[in-house]
Amino acid sequence: MSNARIALVDVNNFYVSCERVFDPRLEGRPVVVLSNNDGCVVARSAEAKVLGIATGAPWFQIQGQAKAWGLVARSSNYELYGDLSARVMEVVGRFGTWQEVYSIDESFIGLMGDPAQLQAAGRDIRAAVMRHVGVPVCVGVASTKTLAKFANRIAKQNAGLDGVCALESMPGDHVAGIQARVPASGLWGVGERTSSRLKLMGIESIADLKAADPALIRKKFSVVLQRTVLELNGTQCIPHVEERVDKQQIMFSRSFSQPVTTVEGMEEVMAVYAQRGAARLNEEGMRASAMTVTAGTSRFAAGEGSFPAVTVRFDRPTSDPITFVRAAVAAIRHHAVAGASYLRAGVLFSGLEPASGTEVLDIFSTEASQADVGGVLGNVRNKFGSAAIGLGIGGFAQAPQWSMKREHSSPRYTTEWKELPVVRA
DNA sequence: TCTGGGGTCCTAGGACCC
DNA sequence: TCTGGGGTCCTAGGACCC
């Protein structure tokens, strides 16, 4: 049997750890990072978890106790997290025979060796990331991705392991004991819906699922859950994606700091959102053949609410912001309900293809004369900031009433010259 | 008063074709 | 009474993830 193994390396409480790199006063204190609009908790330090704060907890419900608890809240600062993420990935990648970046704070890498060597490699990775970036990571190593995720979880939950768990270095009956105790819902790929259906079949623990008949699981559920069963038994079924192929969707979606209740107001929102989405599409170098425009009232309000979702298809793929803005404004004009209290909106581009190369010029199209409007807008924004230029009613000089709230933000320490940290010696 | 944002993959079912 | 059957492509929606 080959000694090739898979490690899952992820950063503990990633967003909180990023905040702590540049503000060591947060060390040892309960810290949470909030979603856009400071709406709810998206990351918690260990100390905040001890206080019983849940992921997704609305900030307005916690805010009152924050002072008594000594709790620090930070608005999310994705520029900072994205930059530190790239640095973590680069350091971790040095240790692997291959690397798959799975999310902003985790990657799978290939490792070779016997259990003792794997355990040692895990410790080296931890030390290197701490030294070069300053954030703590945990490492789980096993023969499949599903088991590596499981090992990572063991590493996190057992302080004695010092953040590293090579599954095969643990006694087999010990592992089996944990799998018999931990519910199947604790596994990667098994969510709430699936686990409640599994329970009806008498499958409750990870051990139960591991012992289940893969063919039956496929029949009753899907090939996805069948792969989980096989991976629990040591058969690799989930392939590595070393280099992410081009994205299939690009989205721009935000909630507002205050409701928008008029159709004209929603047209204004969509003019801005379509441009923000178009800018993203442009950054990725893609064209879209369809755009879905969505809006929604509160999910928590009584009554039906209004959740329009309109897909607009284009004759041929385009990246032209003027086309997007026109289409988005028209779509929302026809589907928004006057008087409804909208709290969020978004645009989703799909049917993507690379914008380079085979651009077909259609002389009958209005686009031919508009040249590369998206590119021009992008260049201006890069030089002068995102508020510097905009189309039509999206060209505000000042942020409109409904724009996002970020009251507890940290500086963009690593991506903005003006916000570099100052060190005094 | 106030509850995130951005993705992936799979499946079922409809449209269409021969 | 009774109205083919199989293949492909596309899309909407479900479930899950971080």
Side-chain angles (χ1 to χ4, degrees), chain A residues 8 10-15 32-44 53-64 73 75-78 81-82 85 100-108 145-146 149 152-153 184-198 218-228 237-239 241 244-259 261 273 276-277 280-281 284 289-290 292 294 296-301 305 307 309-313 341 343-352 402 404-407:
Chain A
L8 176 73
D10 74 348
V11 183
N12 304 347
N13 319 318
F14 181 54
Y15 296 169
V32 293
V33 174
L34 304 176
S35 65
N36 284 328
N37 280 317
D38 298 338
C40 64
V41 172
V42 291
R44 310 158 294 159
I53 297 169
T55 301
W59 174 236
F60 73 90
Q61 286 176 1
I62 302 168
Q63 203 168 10
S75 303
S76 38
N77 184 345
Y78 292 104
Y81 311 151
S85 171
E100 174 184 338
V101 175
Y102 177 69
S103 76
I104 191 163
D105 77 320
E106 358 174 3
S107 69
F108 291 103
K145 284 184 171 178
T146 302
K149 276 267 196 182
N152 180 279
R153 181 196 154 119
S185 57
L187 284 172
W188 185 44
V190 182
E192 210 174 298
R193 300 291 179 114
T194 303
S195 67
S196 53
R197 283 178 59 203
L198 282 169
R218 167 148 202 179
K219 209 174 123 198
K220 299 244 182 194
F221 294 85
S222 67
V223 68
V224 180
L225 194 61
Q226 183 191 33
R227 288 202 273 250
T228 302
C237 309
I238 303 174
V241 189
R244 282 259 169 256
V245 283
D246 287 327
K247 286 185 187 171
Q248 309 192 6
Q249 303 177 341
I250 290 175
M251 188 186 286
F252 181 82
S253 162
R254 286 279 181 286
S255 51
F256 316 141
S257 59
Q258 47 186 277
T261 56
Y273 280 34
R276 296 289 297 273
R280 262 191 204 176
L281 198 64
E284 300 276 343
S289 58
T292 303
T294 61
T297 52
S298 172
R299 297 192 306 278
F300 300 91
F307 302 89
V310 191
T311 298
V312 184
R313 257 161 271 277
S341 210
L343 280 176
R344 49 165 292 277
V347 292
L348 169 72
F349 295 103
S350 54
L352 304 185
W402 42 263
M404 207 167 77
K405 201 164 63 178
R406 275 171 106 194
E407 288 177 351

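Order of the sequence lines fixes the chain letters, A, B, ..., with proteins taken first and strands second; residue numbering starts at 1 for each chain.
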Restricting to pairs with a member in residues 246-258 of chain A, which pass salt bridge (Lys or Arg N to Asp or Glu O under 4.0 Å), not counting sequence neighbours?
-> A/K247-A/E284
Has [X] got a side-chain N or O lying under 4.0 Å from the OP1 or OP2 atom of [N]?
X: A/S76; N: B/dG5; result: no
X: A/R197; N: C/dA15; result: no
X: A/R299; N: B/dT3; result: no
X: A/R344; N: B/dT3; result: no
X: A/K247; N: B/dC9; result: no
X: A/Q258; N: B/dT1; result: no

Under 3.5 Å, is there a donor-acceptor pair between the side chain of A/D105 and the main chain of A/F14?
-> no
Any donor-acceptor pair under 3.5 Å from A/S298 side chain to A/F300 backbone = yes
Enumerate, in order of first residue number, the stems that involve DNA chain C, defined as 3 or more consecutive Watson-Crick or G-U wobble pairs with both distances under 3.5 Å.
-> B:5-18 with C:5-18
In terms of side-chain heavy atoms of A/S253, which of C/dA15, B/dT8, B/dG5 is nearest?
-> B/dG5
DNA chain B-proximal residues of residues 54-64 of chain A, any heavy atom under 4.0 Å | A/P58, A/F60
Return the value, rounded to whole Å, for the distance between atom CG of A/L348 and atom C1' of C/dT11.
-> 13 Å
Ring-base stacking, A/F300 with B/dT3 (5.5 Å, 30° cut-offs) = yes
